[in-house]
Number of protein chains: 2
Amino acid sequence: MKIGELAQRTGVSASTIRYYEDQGILPKPKRQASGYRVYDDTSMQKLMLIRYSLQLGFSLQELQQLLTDEYDQQALMQSIDAKMAEMERNIAKLRAQKAELKKLQQTLSQAWQAGQCPNIDLG
Amino acid sequence: MKIGELAQRTGVSASTIRYYEDQGILPKPKRQASGYRVYDDTSMQKLMLIRYSLQLGFSLQELQQLLTDEYDQQALMQSIDAKMAEMERNIAKLRAQKAELKKLQQTLSQAWQAGQCPNIDLG
DNA sequence: GTTGACCTTCAAGTAAACTTTAAGGTTATT
DNA sequence: AATAACCTTAAAGTTTACTTGAAGGTCAAC
């Protein structure tokens, strides 16, 4: 199939597919005599694995490393562990921010009820 | 005080302070005859409020809107609610991703123990 | 009176993951 | 043979929050 069909079947735009190829994340496909890229089902599976991994929270750079370094079971498990730990940190940060916001909201609310206009004016 | 001192006292670099000014987030300060920016304690408080808000998860763009629109209690409360809801969505997403990763890890682990080499090869 | 530290503006660079544009070649259909 | 739909490359634009660089002005000290 040509790039347009692969794009349509995967929901990944043709320019994004070319971009992945440029970045060395999707292997270079064969070409027709005309120069058109030709993909098969394996290409499609690889592309879908890339998208799945992105969805799981890996960056293209991380994928590139996982793909270029020869990695073994252990290395892969460690990468996944590291990613999960990173997510946990992000979750903790978001929770803390949200708690701070809640506090701020309550502080403001009380101040307003007390008729004060707390100093949050930047103008 | 001049920009360097403000920078040092707040831990915000001089170029970042100028950037906030360019973006219309920090008001334009007075100038010396020489053209040097002159700040006072109020400027410093405003700068620190900006950094606090960024830390709470607001973007510069959001701050700009909160600063330029005349906002009232209700509008501010709604902005905070919206931000908290956004954070909640992000937390949920991270949790889901993490759970997916855990599942993947277990699947891989089992496959390996069964002597299979699951197809996660992109090369 | 010059050295060094500090200030000015404007423009461009950075990271991430793409998208858009420009200019042009190919293929299928009419 | 012309038109549309599709493909090619290379380069530049997008977003966010800055940082860096270039070229030059100012100020305090020696």
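Per chain, numbering begins at 1; letters A, B, ... match sequence-line order. Treat the numbers as computed from the prediction; the structure is a model and nothing was measured.
Note on B/Glu100 versus B/Lys103: salt bridge recorded, some NZ/NE/NH1/NH2 to OD/OE distance being below 4.0 Å. Ion pair B/Arg89/B/Glu86 not flagged as a salt bridge, since none of the NZ, NE, NH1 or NH2 atoms sits closer than 4.0 Å to an Asp/Glu carboxylate oxygen.
Nucleotide C/dA17 holds its C1' atom 10 Å from the CD1 atom of A/Ile25, rounded to whole Å. In this structure, the CD1 atom of A/Ile50 is 10 Å from the P atom of C/dC18, given to the nearest Å. Nucleotide C/dT19 holds its C1' atom 12 Å from the OH atom of A/Tyr20, rounded to whole Å. The interatomic distance linking A/Leu60 (CG) with C/dA17 (P) rounds to 4 Å, in whole Å. Atom CZ of A/Arg31 and atom P of C/dT27 are 13 Å apart (whole Å). As a whole-Å value, the separation of A/Ile17 CD1 from C/dT20 P is 15 Å. We find that NZ of A/Lys2 is positioned 14 Å from P of D/dA5, with the value rounded to whole Å. If you take OH of B/Tyr19 and P of C/dT8, they are 18 Å apart, rounded to a whole angstrom.
Atom CD1 of A/Ile17 is separated from atom CD1 of A/Ile25 by 13.5 Å, given to the nearest 0.5 angstrom.
A sub-4.0 Å separation between OP1 or OP2 of D/dT19 and a side-chain N or O of B/Ser13 is present. For A/Ser15 and C/dT19, the shortest distance from a side-chain N or O to OP1 or OP2 is below 4.0 Å. Between B/Arg18 and C/dT8, a side-chain N or O to OP1/OP2 separation shorter than 4.0 Å is present. Contact between the side-chain N/O atoms of A/Gln61 and the OP1/OP2 oxygens of C/dA16 is found at a separation under 4.0 Å.
Under the 4.5 Å side-chain criterion, counting only non-hydrogen atoms from C-beta, B/Met77 is in contact with A/Trp112.
At the heavy-atom level, B/Ser34 lies under 4.0 Å from the strands shown only through sugar-phosphate atoms.
You won't find any donor-acceptor pair under 3.5 Å spanning the side chain of B/Tyr36 and the base of D/dC27, going by distance alone.
Of the two residues near DNA chain D, B/Ser59 and A/Arg37, the one whose nearest nucleotide lies more 5' is A/Arg37.
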Subject >> side-chain hydrogen bond (donor to acceptor under 3.5 Å, both in side chains) assessment of A/Gln32 paired with A/Ser34 >> reply: CA-CA 5 Å; A/Gln32 285 181 351; A/Ser34 61; 3.1 Å; yes
